[in-house]
Every structure is written in structure tokens, then in C-alpha cells.
Amino acid sequence: MERNKYDLELNVAVRVVHLVCSLCQKVQKQLLSTNPHQVKSKDDDSPVTVADWSVQAVVSWILSETFGRQSISIVAEEDVHALSKPESANLLSMVVNTVNECLREAPRFGLKSPVEVLGTSQVLNAIDRCKSVGGPVGKHWVLDPIDGTLGFVRGNQYAVALALIDKGEVVIGVLGCPNYAMKKNWLVNHGQQYRVMPELSMASPTWMEKGCVLYTKRGSCEAWKQPLVFGDTNLVWPNSAKLIRVSSVEDPALATFCEPVEEANSNHSFTAGLANTVGLSKQPLRVHSMVKYAAIAQGDAEIFMKFARAGYKEKIWDHAAGVLLVQEAGGVVTDAGGHPLNFSRGIYLEGLDRGIVACSGVKLHEKLVGAVYASWDSSNL
Ligand SMILES: Nc1ncnc2c1ncn2[C@@H]1O[C@H](COP(=O)(O)O)[C@@H](OP(=O)(O)O)[C@H]1O
Ligand SMILES: [Mg+2]
């Protein structure tokens with residue numbers, strides 16, 4: 001790959017993820033302290049909040065202004081259906097306010113603000129513009145505005161995930177993790193304590209600092225981490241960027257394995273069986289969202305496994321950014337049959353064999369994929 005290819009796209013993507021992480025932090029704080037009405041249910045009963053739509057609108061607006069509204073293709077999780085209903089008028093006006101408040105801050109992040117405040121229809125258009133279905137041809141931005149919405153509404157872990165797919169391959173991955181503790185002891189702190197963290201971190205003692213953006217470019221063999229910027233500070237590149245790398249732990253007894261919090265999203269008893277077979281002795285670390293990929297990419301955990309129920313189709317926005325980050329930081333990600341994930345076939349990871357296995361190194365990965373072969377037939381999946 002040419003050395004500077006995708007540099008502009010990566011630079012804008014990192015900046016916009018920083019910008020919307022600050023939006024998310026504000027909304028999460030409000031949500032926890034006051035306003036349960038900001039949470040809606042989608043048709044599949046999963047929650048969606050003012051932040052999901054606002055992040056999508058902001059990212060869509062910035063990318064469209066930077067790369068051209070006519071030519072850009074964005075695949076993203078949210079649509080305007082629920083937001084456009086008459087009973088959602090209050091929510092819609094909150095989204096419009098949140099978007100404008102956030103875009104006013106864009107220059108602090110080196111991005112352009114709109115000349116005039118965006119009206120309701122412009123905000124709805126920005127959200128609605130993200131209806132691309134991806135595929136093997138051309139470039140597609142892939143956005144999960146809030147991955148792990150359940151974690152977000154519970155005051156816990158969530159992520160903003162932005163990736164660029166070019167000719168079916170993920171070429172850029174950016175993950176904003178606003179509640180990721182910057183010190184290695186995040187594993188101890190990952191639970192409900194986040195509910196009180198926003199208040200306590202105002203004083204910002206270093207052991208409590210949290211929030212980062214991870215980013216990488218395909219083929220660079222490098223992944224980077226920047227801290228979130230706080231208060232009225234400007235984002236000044238390279239913003240204390242540090243190289244991150246996967247863990248070198250190869251002994252299963254010392255490895256930490258992550259999986260979804262929700263049993264509905266991944267079969268915990270099947271992964272417990274695999275863990276037992278390969279000799280993982282620590283308790284699984286159950287964390288919401290793509291923060292699991294972030295933990296592996298920066299060496300805080302070694303394994304992520306997800307085995308959804310039969311018939312569930314994984315979506316590209318739930319994996320694209322995280323998979324590239326783990327790979328470029330030195331790790332291995334495949335489906336449970338050991339095949340690479342295919343991001344070229346539309347919004348779903350079509351052809352995915354059973355589940356996803358992400359590891360910090362080849363040896364752990366081989367053991368786990370081998371264990372899936374050995375135990376699949378006796379499982380009920
Ligand atoms: N039945 C199911 N099985 C597997 N994954 C599911 C699921 N229902 C929803 N998901 C996906 O799992 C994501 C959360 O991941 P995790 O469980 O690892 O925290 C959700 O992302 P959103 O929160 O963006 O909707 C959603 O895309
Ligand atoms: Mg998601």
C-alpha cells in the first residue's frame with residue numbers, strides 16, 4: 001500500500017471520533033442523572049438513545065462536508081424511522097440541539113463547523129444519508145454510533161466505531177472508548193464504578209483518567225492510542241499518541257478472555273467449555289461493546305470470543321474497526337473455522353462460520369479454534 005494512502009481519511013476519522021466521544025460523555029452523564037425518556041426501544045427491543053442518533057448525524061455531516069456529499073457512502077446502524085414519529089418530537093428536538101451543540105465544538109478538534117445552525121430536516125437528512133449497504137466495490141464508511149448501547153445506558157462501557165472499507169477490505173479502524181481507564185488496572189475498575197466516575201474524574205487524578213481513541217491503518221503493522229481531550233482543550237496532533245501492541249502472554253492459564261455481558265448475545269456455557277478445554281483459568285471478563293477488541297489491541301486481555309445464537313447475523317459495524325485494530329496491533333481474528341471475516345458482502349458478515357475468535361497471538365488462537373472443532377458437535381448451538 002502507498003505510504004500515505006488514507007492518511008487524510010484517518011486524520012478526519014480520528015478527529016471526528018474524539019468530537020463525538022465528548023458528546024457521548026455529556027449525554028451519558030445527563031442520562032444517568034436525569035432523563036430516562038432519552039432511551040427508546042427499537043423494533044428488536046434493543047435500546048437507542050439521543051446519543052446514537054446525534055453521533056450518527058455529526059459523523060455523517062463532517063464526513064459529507066469533508067469528502068463530498070454526492071460521492072460519499074456511509075453504512076451505519078441507525079435510521080430515522082423511530083425518530084420521525086409524531087410522539088418522538090421531543091426526542092428529535094433534543095437530537096437537533098445535541099448535534100448543533102457538538103458541531104459548535106468542531107473547530108477545537110480541527111474540524112469545520114456549519115456556517116449556520118442545522119435545522120431539523122438537515123439533521124434528519126444527515127442520519128438518513130447513512131443507508132448505504134456496503135459491498136465489494138468502492139469505498140464505504142462504516143459507523144456504529146454507539147456500540148454497546150446497553151452498556152451506555154447502564155453507565156458502563158461502550159464504544160464509537162468508525163471504519164473505512166475499500167474494495168471489500170477494512171483499511172482504517174478507529175474506536176472511541178470513553179470509559180476505558182487509561183491505567184492498566186481497568187480490569188478491576190470496569191464495573192458499576194463508572195456510574196460515579198464522571199463526577200470524580202472532574203478533579204482528574206491520574207489513576208482515574210479514562211477515555212481513549214484507538215486507530216490504525218491496514219498494512220501499517222501499527223496501532224495507536226490517544227487520550228480523550230478534556231474541558232475546553234483543543235486537540236493538537238499527535239495528541240500524546242502512543243503505540244499499542246497486543247499482549248505476549250501465550251500461557252492459557254495466564255490469559256484473560258472477554259465476552260459479551262449479555263447471555264443473549266453469546267453462549268456463555270459454550271465459551272466456558274472452550275475455556276476449560278484449553279486451560280483458561282481466569283473468570284471471563286464480561287464487557288459491553290467493541291471495548292473487548294480495544295482491550296486485546298492494547299494488551300489488557302488476550303482473547304475475545306462471541307458465539308451468537310444460530311440464525312443471528314453479525315453486522316459489519318460491530319466488528320470492522322475492532323478487527324483491524326487487533327490485527328495491526330499483532331493479533332489474530334477469524335471466525336470459529338479459522339477463516340478471515342469477510343467485510344465485502346454487504347451489511348452482514350455473510351458466511352461467518354459459527355462465531356468469532358480474536359486472540360493476541362497465533363498459539364492461543366490455534367488452541368481455541370481446535371477446541372471449537374473438538375466440541376461443536378456435542379454443543380447445542
Ligand atoms: N441476539 C444477538 N446476538 C448477538 N449479538 C447481538 C444480538 N443482538 C444484538 N447484538 C449485537 O451485539 C452488540 C453488542 O455487543 P456486546 O454484546 O458484545 O456488547 C449490539 O450492538 P449495539 O449495542 O450497537 O446495538 C448488537 O449489534
Ligand atoms: Mg453495535
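Counting only heavy atoms from C-beta outward, the side chains of Met305 and Phe270 never approach each other to under 4.5 Å.
A salt bridge links Glu314 and Lys306; the closest N-O separation between the charged side-chain nitrogens and carboxylate oxygens is under 4.0 Å. Checked for salt-bridge contact, Glu9 and Lys139 meet the test: a charged N lies under 4.0 Å from a carboxylate O. One finds no salt bridge joining Arg218 and Asp166 here, because no Lys/Arg side-chain nitrogen approaches an Asp/Glu carboxylate oxygen to under 4.0 Å.
Proximity of a side-chain donor or acceptor of Ser60 to a complementary backbone N or O of Ala126 within less than 3.5 Å is detected. Checking side-chain atoms of His365 against main-chain N and O of Ile303 turns up no donor-acceptor pair under 3.5 Å. Here the side chain of Asn11 pairs no donor or acceptor atom with the backbone of Asp7 at under 3.5 angstrom. Here the side chain of Ser73 pairs no donor or acceptor atom with the backbone of Ser132 at under 3.5 angstrom. Checked by atom type and distance alone, the side chain of Gln56 never pairs as donor or acceptor with a backbone atom of Ala76 at under 3.5 Å. Put simply, the side chain of Ser375 gets close to the backbone of Ala371: a donor and an acceptor are under 3.5 Å apart.
Both Phe67 and Val55 are members of a single hydrophobic cluster when ILVMFWY side chains are connected at heavy-atom separations under 4.5 Å. Under a hydrophobic-cluster definition in which Ile, Leu, Val, Met, Phe, Trp and Tyr are linked whenever side-chain heavy atoms come within less than 4.5 Å, directly or via other members, Ile74 and Leu10 are assigned to the same cluster. Taken together through direct or relayed side-chain contacts under 4.5 Å among Ile, Leu, Val, Met, Phe, Trp and Tyr, Leu368 and Phe307 form part of one hydrophobic cluster. Note on Val160 and Val95: same hydrophobic cluster, where clusters join Ile, Leu, Val, Met, Phe, Trp and Tyr whose side-chain heavy atoms are under 4.5 Å apart, directly or indirectly. A single hydrophobic cluster is not seen to contain both Val123 and Val117; linkage of ILVMFWY side chains at heavy-atom distances under 4.5 Å, directly or through other members, places them apart.
Atom CD of Glu169 and atom CZ of Phe343 lie 11.0 Å apart (nearest 0.5 Å). The CD atom of Glu302 sits 10.0 Å away from atom CG of Asp251, with the distance rounded to the nearest 0.5 Å. The distance from atom NZ of Lys225 to atom OG1 of Thr216, rounded to the nearest 0.5 Å, is 14.5 Å. Separating the CD atom in Glu328 from the CD1 atom in Ile172 is a distance of 11.5 Å, to the nearest 0.5 Å. Atom CD of residue Glu77 and atom CG of residue Asp52 lie 7.0 Å apart, to the nearest 0.5 angstrom. Separation of atoms CD (Gln157) and CE (Met290) is listed at 13.5 Å; rounding is to 0.5 Å.
Stacking of Arg354 on the aromatic ring of Tyr373 is recorded, both the 6.0 Å distance cut-off and the 45° axial limit being met.
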Legend entry - Worked verdict on Val323 versus Tyr293 for side-chain contact (heavy atoms from CB on, under 4.5 Å): CA-CA 7 Å; Val323 168; Tyr293 285 114; 3.7 Å; yes
Inset, instruction - Just do the side-chain contact (heavy atoms from CB on, under 4.5 Å) check on Asp79 and Ile127 with the steps written out, would you? - result: CA-CA 7 Å; Asp79 60 42; Ile127 299 169; over 6 Å; no
Inset, instruction - Apply salt bridge (charged side-chain N to carboxylate O under 4.0 Å, His left out) to the pair Lys315 and Asp144, showing each step before the final yes or no. - result: CA-CA 10 Å; Lys315 285 130 186 158; Asp144 194 340; over 6 Å; no
Inset, instruction - May I have the step-by-step check of side-chain contact (heavy atoms from CB on, under 4.5 Å) for Ser22 and Phe230, ending in yes or no? - result: CA-CA 8 Å; Ser22 74; Phe230 285 101; over 6 Å; no
Inset, instruction - Please step through side-chain contact (heavy atoms from CB on, under 4.5 Å) for the pair Val357 and Asp335, ending with a clear verdict. - result: CA-CA 6 Å; Val357 181; Asp335 66 18; over 6 Å; no
Inset, instruction - Kindly indicate, with the supporting measurements, whether the criterion salt bridge (charged side-chain N to carboxylate O under 4.0 Å, His left out) is fulfilled by Lys313 and Glu350. - result: CA-CA 7 Å; Lys313 287 167 87 174; Glu350 299 285 357; 3.3 Å; yes
Legend entry - Audit row: Asn267, Ser269, side chain to side chain donor-acceptor pair (under 3.5 Å) steps and yes/no: CA-CA 6 Å; Asn267 187 317; Ser269 54; 2.9 Å; yes
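If you run side chain to side chain contact (heavy atoms under 4.5 Å, CB included) between Ile165 and each of Val75, Val170, Leu324, Val171, only Val170 comes through. Partner of Glu262 under the salt bridge (Lys or Arg N to Asp or Glu O under 4.0 Å) criterion, chosen from Arg286, Arg309, Arg154: Arg154.
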Tabulate below the donor-acceptor pairs under 3.5 Å that side-chain atoms of residues 104-112 make, not counting sequence neighbours, or state none.
from: Glu105; atom 1: OE1; to: Arg108; atom 2: NE; distance (Å): 2.7
from: Glu105; atom 1: OE1; to: Arg108; atom 2: NH2; distance (Å): 2.9
from: Arg108; atom 1: NH1; to: Gly231; atom 2: O; distance (Å): 3.4
from: Arg108; atom 1: NH1; to: Thr233; atom 2: O; distance (Å): 2.4
from: Arg108; atom 1: NH2; to: Gly231; atom 2: O; distance (Å): 3.4
from: Lys112; atom 1: NZ; to: Glu65; atom 2: OE1; distance (Å): 3.4

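Under the 6.0 Å cut-off for aromatic ring centres, Phe304 and Phe257 do not qualify, their centroids lying 6.0 Å or more apart.
The shortest non-hydrogen separation linking Leu228 to Pro178 is CD1-CA, 3.8 Å. Of all non-hydrogen atoms in Asn179 and Gly155, the two that sit nearest each other are ND2-O, 4.1 Å. In this structure, Ser289 and Ala159 approach most closely via the heavy-atom pair OG-N, 3.7 Å. Shown here for Cys24 and Phe152, the closest heavy-atom pair between the two residues is O-CE1, 3.5 Å. Here the closest heavy-atom approach between residue Ala321 and residue Leu162 is recorded as CB-O, 3.7 Å. For the pair Val249 and Ser360, the tightest heavy-atom approach, listed with the atom from each and the gap, is O-OG, 4.1 Å.
Side-chain contact annotation: Tyr312 with Asn265, donor-acceptor N/O pair under 3.5 Å absent. For the residue pair Ser266 / Glu259, no side-chain donor-acceptor distance below 3.5 Å is found, with atom types taken as modelled.
Residue-environment remark: CG (Asn234) exceeds the threshold of 12 foreign heavy atoms within 6.0 Å. Residue-environment remark: CD (Glu87) exceeds the threshold of 12 foreign heavy atoms within 6.0 Å.
Aromatic ring pairs are classed by plane angle as parallel below 30°, tilted from 30° to 60° and perpendicular above 60°; the pair Tyr215 and Trp224 is parallel.
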